[in-house]
Amino acid sequence: MDDQDEAEAFEAEVLRERPTLEDDVRQLIGDGRAWAEAELAWQKARATFAGKQIGVVALLGLLALALVFFSLMALVFGLVFALAPALGAWGATAAVTGGFLAAAALAGLLAALRAKRMLRLIADKRADNRAGP
């Protein structure tokens with residue numbers, strides 16, 4: 001009988017230490033609150049990091065644009081100087097300027113055609129039905 005009494009005492013103690021539904025709900029609410037606070041802290045850290053990096057990205061982008069601009073100017077002057085012996089100074093200037101204007105006209109024409117196509121597709125009500133995922 002001694003073993004049976006010990007078993008009953010052990011079972012009674014286990015039942016006393018067993019968490020109730022109320023304890024489980026409190027634990028769940030506490031865990032949810034902790035998760036929400038951790039998520040908020042994580043999102044704040046991400047936003048702070050992005051805010052600090054945006055200035056660096058903008059500065060590097062401006063530097064890249066300036067370097068591309070100066071590279072194009074060097075190309076223009078180099079082409080004029082290279083063509084000057086064959087075409088003369090004015091002829092080389094006209095040839096380089098004409099070449100760049102032709103390239104600019106082609107780029108502008110392609111941009112206009114793409115813009116027209118985009119607007120036509122946006123305005124077409126049936127395009128929504130034809131477009132796939």
Side-chain angles (χ1 to χ4, degrees):
M1 275 317 241
D2 195 20
D3 288 339
Q4 187 176 1
D5 290 339
E6 284 181 28
E8 288 175 3
F10 178 73
E11 186 178 334
E13 180 148 345
V14 167
L15 289 175
R16 276 194 304 270
E17 292 178 3
R18 188 174 180 184
T20 64
L21 178 61
E22 184 179 337
D23 294 336
D24 287 344
V25 169
R26 283 190 179 141
Q27 180 67 36
L28 180 64
I29 290 171
D31 290 348
R33 184 175 292 132
W35 174 82
E37 289 171 357
E39 184 68 21
L40 183 61
W42 167 246
Q43 296 301 333
K44 281 182 180 179
R46 286 180 60 197
T48 300
F49 175 76
K52 288 179 181 177
Q53 293 301 311
I54 212 140
V56 174
V57 169
L59 184 64
L60 289 174
L62 288 174
L63 177 63
L65 288 175
L67 291 174
V68 166
F69 173 76
F70 287 121
S71 295
L72 287 174
M73 291 299 102
L75 175 67
V76 169
F77 286 122
L79 286 172
V80 170
F81 288 141
L83 293 174
L87 301 176
W90 289 108
T93 301
V96 170
T97 302
F100 275 97
L101 286 175
L106 179 63
L109 177 65
L110 290 174
L113 289 174
R114 284 186 178 246
K116 255 188 213 177
R117 180 174 174 236
M118 178 191 65
L119 290 173
R120 190 174 56 243
L121 286 174
I122 289 173
D124 188 5
K125 301 285 185 208
R126 295 173 292 159
D128 292 335
N129 297 333
R130 288 191 308 242

Check which hydrophobic residues are tied to [X] through side-chain heavy-atom contacts below 4.5 Å, counting indirect links as well, and list them.
X	value
L63	L67
L110	L106
L62	none
L113	L109

Suppose we screen for side chain to side chain contact (heavy atoms under 4.5 Å, CB included). Which residues come up paired with [X], at least two apart in sequence or across chains?
X	value
W42	E39, R46
E37	R33
L83	L87, A92, A95, V96

Pairs flagged by side-chain hydrogen bond (donor to acceptor under 3.5 Å, both in side chains) wherever residues 76-105 is involved - sequence neighbours left out: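 Checked against side-chain hydrogen bond (donor to acceptor under 3.5 Å, both in side chains) - neighbours excluded - no pair reaches residues 76-105.
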
Taking side chain to side chain donor-acceptor pair (under 3.5 Å) as the test, write out the residues that go with R117, two or more places apart.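 Listed in chain order: nothing, the list is empty.
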
In chain order, what residues pass the side chain to side chain donor-acceptor pair (under 3.5 Å) check against D23, with sequence neighbours excluded?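 Side chain to side chain donor-acceptor pair (under 3.5 Å) check on D23 returns T20.
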
Return the NZ to CG distance between K116 and L121, rounded to the nearest 0.5 Å.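 K116 NZ to L121 CG: 14.0 Å, rounded to 0.5 Å.
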
For the CG atom of L75 and the CZ atom of F70, what is their distance to the nearest 0.5 Å?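 Going from CG on L75 over to CZ on F70, the span is 15.0 Å.
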
Please indicate whether F77 has more than 12 foreign heavy atoms, meaning atoms of other residues, nucleotides or ligands, lying under 6.0 Å from its CZ.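 Open.
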
